[in-house]
Amino acid sequence: MELIDGKAISAQIKLEIAAEVKQIKASGGKIPHLAAILVGHDGGSETYVASKVKTCEEVGFKSSLIRYENNVTEEELLKKVIELNNNPDVDGFIVQLPLPKHISEQKVIETIDYRKDVDGFHPINVGRMSIGLPCFVSATPAGILELLKRYNIETSGKHCVILGRSNIVGKPMASLMMQKAYPGDSTVTVCHSRTKNIKEYCLQADIIIAALGSPEFVRADMVKEGAIIIDVGTTRVPSDKTKSGFKLTGDVKFDEVAPKCSYITPVPGGVGPMTIVSLMKNTLLAGKKAIYK
Ligand code: GUN
């Protein structure tokens, strides 16, 4: 069994991005600028956004954090999105989700200029991804592809079982794994909360990508010997063993499953650290106008 070390790979990618930013600076080019809009004070969102801003600093990007209280109106938020769309200094921006119930997330996403949508959530980016055109691919699926690539994991002709059908992970992951490309060229099965006999599908999988948000759902008796396991789960399970009072728990019962695998991602330190560097990679592409002019 080989551990897929997302922490180490993400550190390496950060160095690669930093080196490129240095070159851009040296040749008098524009430093990539990522802006983030954060609404309210949700613990998870605060942590993620702080981490995104910190990573911008690490790689040498400019970053801006725009904060609103929970009672911000949809109109005010949309006005800010339009302002960022029109601000030539901002190369890419994100609106951290979830948003308060009185604001339509879809409306916000569709108001973002797809050329600055470094989250890859805009329907134009989602559509272009599904037909294999250059686009911003959302961070978690892009991070998983990068891990498969950097570990030279064969995906062609393999049976990839995806657990979960979210717009952020399950659906794009299925689309990318079936793409005529590497990583890709897999036979894909998507299982979700209404799937009967999930175990039977998992037992046929060469690759399992678990993105259900159901702690320790995947057990040893569901996994074929030699399978590759990518664990996207990050549920905060209460714990009296940690200072924060919770333990980040994956969708895979790691101790039990790991001995059967050829490769497995740990939680934390697997997929998680890759998502932020994927966002940085998209911001670099946006800064270079490498995808859209
Ligand atoms: N909330 C959870 N994941 C994400 C993400 O990748 N981007 C944004 N904007 N919000 C999120």
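Indexing begins at 1, ligand by ligand and atom by atom, following the structure's order. Count residues from 1 along the sequence. Hydrogens, waters and symmetry mates are skipped; everything else that's a heavy atom, side chains included, is used.
The nearest protein atom to atom 9 (N) of ligand 1, hydrogens excluded, is given as Asp119 OD2, 2.6 Å; this is a heavy-atom distance. Gln96 NE2, 4.1 Å is the protein heavy atom nearest to atom 4 (C) of ligand 1. Nearest protein neighbour of atom 10 (N) of ligand 1, counting heavy atoms only, is Leu97 N, 3.0 Å.
A 4.5 Å side-chain heavy-atom check between Ser239 and Phe246 finds every atom pair outside the cut-off.
Among pairs with a residue in residues 262-282, those fulfilling side-chain hydrogen bond (donor to acceptor under 3.5 Å, both in side chains) read Glu146-Lys281, at least two apart in sequence or across chains.
Using modelled atom types and a 3.5 Å distance limit, the side chains of Asp89 and His33 yield a donor-acceptor pair. In the model, Asp113 has no side-chain atom that pairs as donor or acceptor with a side-chain atom of Tyr292 under 3.5 Å.
Only the backbone of Val95 comes within contact range of ligand 1, with a heavy atom under 4.0 Å; no side-chain atom does.
Residues satisfying the side chain to side chain contact (heavy atoms under 4.5 Å, CB included) criterion with Pro259, sequence neighbours excluded, are absent altogether.
Not a single heavy atom of Tyr48 sits less than 4.0 Å from an atom of ligand 1.
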